[in-house]
Amino acid sequence: MKPYYISTAIAYTSAKPHIGNTYEIVLADAIARWKRMEGYDVYFQTGTDEHGQKIQAKAEAAGISPQQYVDQVSGEIKRIWDLMNTSYDRFVRTTDPEHMVKVQKIFKRLYNQGDIYKGKYVGKYCTPCESFWTPSQLVNGRCPDCGREVQDAEEEAYFFKMSKYADRLIEHIESHPEFIQPESRKNEMINNFLKPGLQDLCVSRTSFTWGIPVDFDPGHVVYVWLDALTNYITFCGYDPDGASDEHYRKFWPADLHLIGKDIIRFHTIYWPIFLMALGEPLPKQVFGHPWLLVSSNESGAGEKMSKSLGNVIYADDLVDLFGVDAVRYFVLHEMPFANDGALSYSLLIERINADLANILGNLVNRTIAMDHKYFEGKIMAPTACEEIDDDLRAVALAMPGKVAKQMEGLHVADAIDEIFVLLRRANKYIDETTPWVLARDPEKAPRLGTVLYNLLESIRFAAVALEAYLPETSAKILRQLNVPNGGLASLASFDGMPVGGQVGTAEILFERMDPVKKLQEIADAKAAKEEPQSTVTFKPEIAFDTFEQVDMTVVKVVACENVPKSKKLLKFQLDDGSGKPRQILSGIAAYYQAADLVGKTLVACTNLAPRKMMGFESCGMLLSAEKDGKLELLMLSDTIPAGAKLC
RNA sequence: CGCGGGGUAGAGCAGUUUGGUAGCUCGUCGGGCUCAUAACCCGGAGGUCGUGGGUUCAAGUCCCACCCCCGCAACCA
């Protein structure tokens, strides 16, 4: 059997994955299942990426060890992958000791052969913050965190000689047009990163400890991307000492790395170069899939899910509401090949009703019900064919090939559509043949039996093909038809339903939903869930004299205007009572019209260190209150004069 | 001139590579049917294909200029 290695990106264990992240594993699963149906020996790897500063910080905030933290989140991710009924062969974790040892060996080997060298990381250092910054990160020449002066400083670090392999990589990308998908990304990588010249990549860190230690240099941990990317080979059986096992020899190079479009650069530049340095072949294809966005209201376009927007949707919540296959169907079908897709509850309900309940579910239901009604569930021989049957049969027989073609190009949504073309055709066929009319004339029984046979067989075709996308539903339909899944081979001819056999009982596959009621239900459930949790947090206690250092002054708005080219900033000219004008910039353009604020009496913190924003100096901070996307400036009545102090 | 994506029927999209009657799903209106989950089938209405120019016998599609929207980056003291 021909091997086929497909992987997803390993999920970063900083938080529970939302439906957008879950989309990737479902997409990979559909491809993996289809490849198995086509007879490939599939190896499907997924897992979690568990090192890095962010995770260390999250664990500290949660008051547990990083290991406990990643155990918890990784478990949660695996639970969701399982809930989505995904057929991965291996779920890997970068905290696996075996992986860690291999990464250390890889690092050492690259060091020994001169691809990694020890150098100096030159930058700006802010002593109070204990942070390194690159010149581009500095704000107005100062520390972006605290605004204080920074010093030139250097730190030992390991670097990878990217430039050494750049030409070879460009040549590989140019000569393998299928390597980066969608193709539009190819030029982006070459023009933006490769052509201008690759910088050597810093591949070690000393600023945190939650990573794989560089075994020959304590204090350094391996850069997370080097750690993460190598998962594709370390867990496949690669041995840095040259004794890679049979599994590796069979499956590497991977056929497809399925990843999000945001990490294409790492997979099409760094990863291939690491592999070149190791002397291993490159993966055959990297597909950067688009994102699943949420649209919060009917007309709203998609926006990225984020906690601060409060629009995060989780796969398990959706599965509770709609069932696994409905969610799988939605994410697979609603995602175009290259553009971002949008998800909303009303869209989801619409798709389930229109496609799954009406076209698919109702077809299966009405067909099996008719067979019971007219033939007590017996599968009749198709002896009375008519010309009108030819088109249905032709559509059915052509379907598997069309699906295969779409899948070959990774157009999963279009592949599913091909199956629904057949289902729609079958519904139409019922109207064309009007079985209920045939049933009135006993002499037409053979014709009626033939019509039902053709319908049952068409449904069987669809059910077999749907296995890759809706595995549970596929099995349910075949159970109702009472036939085994004969695989793609059984779709070569239109005679798979056993004549003389008996169909099962008709059961509802997808319940039709009332959109208004269902949306209300969802809103109620959401409200009930959100009620108990409080998002208000309080900072640690401070001494009174610390508080007293803050100088807060009443100011009058003399002038206010939008900062050009800025979405958030308003520029204020203020009277602070001193006689000298004071300029403050504030990021509240989304909440206030500049003109409306002229003449208002506000409060500002007036002894903050000045800071430059978008080229303008800001001397202080206007006080406002914010929660859940609502913001209001602190506004006093106009009777209090400028320069008055808060006390 | 920061980088990128996009503007096609009320909504969501395909079509643009290789110019040649503007298409799909949903919605809407009308009709048909009654086997079925008020489902299914047929038909109609609805489009200056962002704007202006150009090339061409012919432009949604190619060329030039411009406008608008959305991400990212820079801003949130």
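The figures that follow rest on heavy atoms only: side chains count, while hydrogens, waters and symmetry mates do not. It should be emphasised that the depicted structure is a prediction, and the values quoted were computed from it without experimental measurement. The sequence lines fix the lettering, A, B, ..., with proteins before strands; numbering per chain opens at 1.
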Return the nucleotide paired to [N]: Watson-Crick means purine N1 to pyrimidine N3 with N6-O4 or O6-N4, wobble means G-U with N1-O2 and O6-N3, both under 3.5 Å.
N	answer
B/rG20	B/rC57
B/rG71	B/rC3
B/rG46	none
B/rG10	B/rC26

Respond yes when some side-chain nitrogen or oxygen of [X] is under 4.0 Å from OP1 or OP2 of [N], and no when none is.
X	N	result
A/Lys428	B/rC42	yes
A/Arg351	B/rC13	no
A/Asn358	B/rC40	yes

Counting any heavy atom closer than 4.0 Å, what does [X] reach on the DNA or RNA strands: base, sugar-phosphate only, or nothing?
X	value
A/Asn427	sugar-phosphate
A/Phe510	base
A/Ser586	sugar-phosphate
A/Ile368	nothing
A/Arg440	sugar-phosphate

By nearest atom, which of the nucleotides [options] is closest to the [X] side chain?
X	options	value
A/Lys373	B/rA36, B/rU34, B/rA39	B/rA36
A/Arg512	B/rA36, B/rU34, B/rU37	B/rU37
A/Ala354	B/rC26, B/rA36, B/rC75	B/rC26
A/Arg366	B/rU25, B/rU37, B/rA36	B/rA36

### Message
For A/Lys518, I'd like to know if atom NZ has over 12 heavy atoms of other residues, nucleotides or ligands within 6.0 Å.
### Response
yes
### Task
Please say whether more than 12 non-hydrogen atoms of neighbouring residues, nucleotides or ligands are located less than 6.0 Å from CD in A/Glu632.
no
### Closest-nucleotide ordering on RNA chain B, the 5'-leading residue of A/Cys619 and A/Tyr374
A/Tyr374
Between [M] and [N], how far apart are the [atom1] atoms? Round to whole Å, please.
N	M	atom1	result
B/rG20	B/rC35	P	47 Å
B/rA9	B/rC24	C1'	12 Å
B/rC3	B/rG50	C1'	22 Å
B/rC42	B/rG6	C1'	36 Å
B/rC67	B/rG27	P	39 Å
B/rC40	B/rA45	P	23 Å
B/rU8	B/rC13	C1'	9 Å
B/rG47	B/rG53	C1'	23 Å

Within this structure, what is the [atom1]-to-[atom2] distance between [X] and [N], rounded to whole angstrom?
X	N	atom1	atom2	value
A/Arg424	B/rG23	CZ	P	17 Å
A/Arg425	B/rC40	CZ	P	16 Å
A/Leu456	B/rC35	CG	P	18 Å
A/Ile359	B/rC24	CD1	P	14 Å
A/Leu360	B/rU25	CG	C1'	16 Å
A/Asp431	B/rA36	CG	P	14 Å
A/Ile459	B/rC40	CD1	C1'	13 Å
A/Leu392	B/rC41	CG	P	13 Å

### Task
Report the C-alpha separation of A/Val327 and A/Ile19 in whole Å, then their side-chain angles, then the decisive distance to 0.1 Å, and conclude whether the side-chain contact (heavy atoms from CB on, under 4.5 Å) test is met.
CA-CA 9 Å; A/Val327 177; A/Ile19 185 67; 3.8 Å; yes
### Message
Please tell me whether A/Thr553 and A/Asp576 have a donor and an acceptor in their side chains that are separated by less than 3.5 angstrom.
### Response
no
### Message
For B/rA39, does the base pair up with any side-chain atom of A/Asn362 as donor and acceptor (N or O, under 3.5 Å, distance only)?
### Response
no
#### Entry: Distance (rounded to the nearest 0.5 Å) between A/Leu519 CG and A/Asp514 CG
9.0 Å
### Message
Do A/Met513 and A/Phe322 have side chains that approach each other closer than 4.5 Å (heavy atoms only, starting at C-beta)?
### Response
yes
### Query
Aromatic rings A/His267 and A/Trp225: how do their planes relate, parallel, tilted or perpendicular, breaks at 30° and 60°?
perpendicular
#### Entry: Candidate pair A/Arg512 and A/Asn358, rule side chain to side chain donor-acceptor pair (under 3.5 Å), full reasoning
CA-CA 8 Å; A/Arg512 207 184 141 74; A/Asn358 295 354; 3.0 Å; yes
